[in-house]
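Inspection log for the structure reproduced underneath, given as structure tokens.
One-based numbering, in listed order, for ligands and for the atoms of each. No experiment lies behind these values; they were computed from the predicted model shown.
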Amino acid sequence: MSVTGIFTGDFHEQDKRWSAVDAYTISHLHPASRPNSKALIRALEYSRDQNLPDIASYPALGKFFALQCKAGNVKYALEIGTLGGYTSLWLATENHGIQVTTVEVNPHHAKVARENLEFGGVGDRVNIIEGAGLDVVPKLLEEVRAGEREKFGFVYLDADKENNWTYLDMAIGMCVPGATIFVDNMVSRGRLVDPKHQHEKNIAGARKVVEMVGNDERVDAVVMQLVGEKSYDGVLMAVVR
Ligand code: DHB
Ligand code: MG
């Protein structure tokens with residue numbers, strides 16, 4: 001059972017210890033009495049009711065990203081892969097000055113996200129751009145280069161995994177020095193290093209990110225393995241020099 005108990009399938013690998021630790025720590029560090037708790041729970045419920053897949057961030061990860069923005073006093077954040085807007089909702093409700101730009105290819109997901117963000121009172125600070133990342137991100141890069149768009153202090157890549165290096169490469173060019181860039185689903189239950197899975201496009205995409213970033217002077221990076229209510233997975237964190 002997940003901490004929120006909202007999506008109840010057995011899609012994700014679960015461990016009673018991981019869930020119990022998340023439930024205990026969240027109950028103290030982000031209890032239901034927080035101003036955004038109701039909107040966050042409602043966003044997951046509505047996403048489930050609208051048949052979105054159970055692949056949003058979970059509470060601890062959403063808050064971790066929001067705290068990264070707080071620590072960096074981030075004014076402009078970029079997300080590729082909006083889904084139901086759950087991570088954007090965390091970023092915008094925990095950071096009152098932030099402007100989030102988020103890209104979503106699926107019109108139904110974008111509609112659900114818009115409703116979730118409106119309900120959370122942050123619809124005016126989250127701009128959902130509908131389109132494929134491979135079409136939209138180059139345009140954003142052009143706008144930043146032309147001085148028509150502010151540079152980002154935080155980027156979260158959580159869309160089509162096979163293109164993650166392309167997104168990361170462009171994102172680096174759109175960031176201020178010291179910006180943090182996170183890439184989701186880097187570990188995939190250890191498949192990252194399992195020879196049987198290395199030719200799957202998602203895993204090949206993750207490995208390309210690791211290997212390209214390792215030789216890239218523009219960023220310094222690490223992969224953090226994570227457990228929690230969404231399986232055993234992990235994120236790459238890159239800091240822009
Ligand atoms: C899965 C998880 C994710 O976070 C995602 O972005 C896509 C897929 C999964 O578990 O399949
Ligand atoms: Mg993901």
(request) Of the side chain and backbone of I55, name the one, both, or neither that has a heavy atom under 4.0 Å from an atom of ligand 1. (result)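 I55 to ligand 1: contacts from backbone and side chain alike.
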(request) Answer with yes or no whether the side chains of N73 and K75 bring together a donor and an acceptor at under 3.5 Å. (result)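 K75 vs N73: donor-acceptor pair found between side chains.
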Any atoms of ligand 1 less than 4.0 Å from a non-hydrogen atom of [X]? List them with their elements.
X    : result
D184 : 4 (O)
H12  : 10 (O)
D158 : 6 (O)

(request) Note the single closest protein heavy atom to atom 11 (O) of ligand 1, along with its residue, its atom name and the distance in Å. (result)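 For atom 11 (O) of ligand 1, the nearest protein heavy atom comes out as F11 CZ, 3.4 Å.
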(request) Verify the ring-centre separation between W18 and H12: is it less than 6.0 angstrom? (result)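 Not close enough - the centres of the two rings lie 6.0 Å or further apart.
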(message) Nearest non-hydrogen contact with atom 2 (C) of ligand 1 belongs to which option: V235, N185, L157?
(response)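 The nearest heavy atom belongs to N185.
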(message) Test of understanding: with ring pair (Phe, Tyr, Trp, His ring centres under 6.0 Å), list the residues that count as partners of F154, not counting sequence neighbours.
(response)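 Listed in chain order: F65, F182.
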(request) Report yes or no: does K161 have a heavy atom closer than 4.0 Å to ligand 1? (result)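 The answer is yes: ligand 1 sits under 4.0 Å from a heavy atom of K161.
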(request) Could you list the residues that satisfy side chain to side chain contact (heavy atoms under 4.5 Å, CB included) with P107, not counting sequence neighbours? (result)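 Residues passing side chain to side chain contact (heavy atoms under 4.5 Å, CB included) with P107: E130.
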(request) Could you tell me the separation between the CZ atom of R145 and the CG atom of L140, rounded to the nearest 0.5 Å? (result)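 The CZ atom of R145 sits 12.0 Å away from the CG atom of L140.
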(message) As a test of understanding, state which of D54, I55, N185, D184 forms a side-chain contact (heavy atoms from CB on, under 4.5 Å) with K230.
(response)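 Of the listed residues D54, I55, N185, D184, the side-chain contact (heavy atoms from CB on, under 4.5 Å) partner of K230 is D54.
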(message) Considering only residues two or more places apart or on different chains, which pairs with a residue in residues 94-114 satisfy ring pair (Phe, Tyr, Trp, His ring centres under 6.0 Å)?
(response)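 Passing the test, one end in residues 94-114: no pairs.
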(request) State the count of protein N/O/S atoms located less than 2.8 Å away from the Mg ion (ligand 2). (result)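 Counting protein N, O and S atoms closer than 2.8 Å to the Mg ion (ligand 2) gives 3.
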(message) Check K70 with E94, please: is the shortest side-chain N to carboxylate O separation under 4.0 Å?
(response)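 Salt bridge present between E94 and K70.
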(request) Inspect the contact between D194 and R189 and indicate whether a charged nitrogen and a carboxylate oxygen are less than 4.0 angstrom apart. (result)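 Result for this pair is no, no salt bridge flagged.
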